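Below is one structure, written out as C-alpha cells; the observations come after it.
A quick note: this is a predicted structure, and the numbers were derived from the prediction, not measured. All values below come from the heavy atoms of this structure, side chains included, with hydrogens, waters and symmetry mates left out.
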Amino acid sequence: MLSSIRNSVIASLALAAQRQDNSLKIDFWEAFSLATIGGARALGIDDSIGSFAVGKQFDAIQVVWSTDGLDGMQVFGETEDIESVFEKFIHLGDDRNMASVWVQGRQCAGLPQAVPI
C-alpha cells in the first residue's frame, strides 16, 4: 500500500507538470485517503472497512521509528509534528517500521506485546 500511495503522488506530479495544471496534483493525505476509504468505497464495502469509525473492522499497522535513522526513517525528536512524521512514513517507511499488523481486530503479525494505538 505504501508504494501505491508513493507512486500515486509521483504520477500526479508528473501529469500536472505535463499538462501544466497544478489542480491535478495530489498530496500524500489525499493519496492515503484514496488507498483506504476510497478503495473501500470503490468496492462498495466502506460501511465495514476503510476508516477507524466506530463499528468498522479494525485493520491497521503499528508504526515505530528511531531517532538514528537506522530503520530507514529518521524522526528528529519533538521538533517534528505528527503530520510530518506521517508524511515521512508514507514516503520512507517500510517493513522495518511496522511493529505489528491488525486485521479484522486481530493481531496477525508483529510483536506479541504490541497494542493497537
Side-chain angles (χ1 to χ4, degrees):
M1 187 166 120
L2 291 176
S3 62
S4 295
I5 293 170
R6 292 177 192 135
N7 291 335
S8 296
V9 172
I10 293 167
S12 77
L13 295 174
L15 183 62
Q18 180 185 32
R19 296 193 180 165
Q20 298 180 351
D21 182 355
N22 285 336
S23 71
L24 298 173
K25 292 179 183 178
I26 62 171
D27 62 16
F28 72 99
W29 286 108
E30 186 175 0
F32 180 76
S33 177
L34 290 169
T36 54
I37 191 65
R41 284 185 185 134
L43 296 171
I45 55 175
D46 56 308
D47 60 330
S48 61
I49 67 168
S51 72
F52 291 129
V54 175
K56 291 191 178 184
Q57 295 176 22
F58 183 73
D59 297 339
I61 57 171
Q62 183 179 13
V63 177
V64 294
W65 59 84
S66 68
T67 56
D68 60 14
L70 296 177
D71 58 6
M73 189 178 95
Q74 186 171 10
V75 175
F76 299 101
E78 296 186 20
T79 61
E80 290 192 82
D81 58 24
I82 193 66
E83 288 83 10
S84 297
V85 173
F86 181 72
E87 182 176 10
K88 190 175 279 190
F89 172 68
I90 294 295
H91 290 294
L92 302 173
D94 59 28
D95 59 335
R96 295 173 291 176
N97 306 112
M98 297 177 196
S100 60
V101 178
W102 295 78
V103 176
Q104 296 181 353
R106 294 189 175 141
Q107 185 177 359
C108 60
L111 304 172
Q113 71 274 17
V115 178
I117 52 175

(message) According to side chain to side chain contact (heavy atoms under 4.5 Å, CB included), who are the partners of V103, at least two apart in sequence or on a separate chain?
(response) D59, V101, C108

(message) Run the side chain to side chain contact (heavy atoms under 4.5 Å, CB included) test against Q18 and tell me which residues pass, sequence neighbours left out.
(response) L15

Contacts table for residues 43-55: side-chain donor-acceptor under 3.5 angstrom, sequence neighbours left out:
| residue | atom | partner | partner atom | Å |
| --- | --- | --- | --- | --- |
| S48 | OG | I45 | O | 3.3 |
| S51 | OG | A53 | N | 3.4 |
| S51 | OG | K56 | NZ | 3.1 |

(request) Any side chain to side chain donor-acceptor pair (under 3.5 Å) involving residues 25-37? Give me the pairs, sequence neighbours left out, ordered by first then second residue. (result) N22-K25

(request) Please collect all side chain to side chain donor-acceptor pair (under 3.5 Å) contacts where either partner lies in residues 3-17, sequence neighbours excluded, each pair once. (result) none

(request) Answer yes if F32 and M98 sit in the same cluster of Ile, Leu, Val, Met, Phe, Trp and Tyr residues linked by side chain heavy atoms under 4.5 Å apart, and no otherwise. (result) yes

(request) Flag yes if I10 and L2 sit in one hydrophobic cluster, no otherwise; membership is Ile, Leu, Val, Met, Phe, Trp, Tyr, and two members link when side-chain heavy atoms are under 4.5 Å apart. (result) no

(message) For a quick test of reading the model, state the closest non-hydrogen atom pair linking L92 to N97 and the distance between them.
(response) O-OD1, 4.4 Å

(message) Just to verify, what does E83 make a side chain to side chain donor-acceptor pair (under 3.5 Å) with, not counting sequence neighbours?
(response) none

(message) Contact between V85 and V63 at the side-chain level, heavy atoms closer than 4.5 Å - yes or no?
(response) no

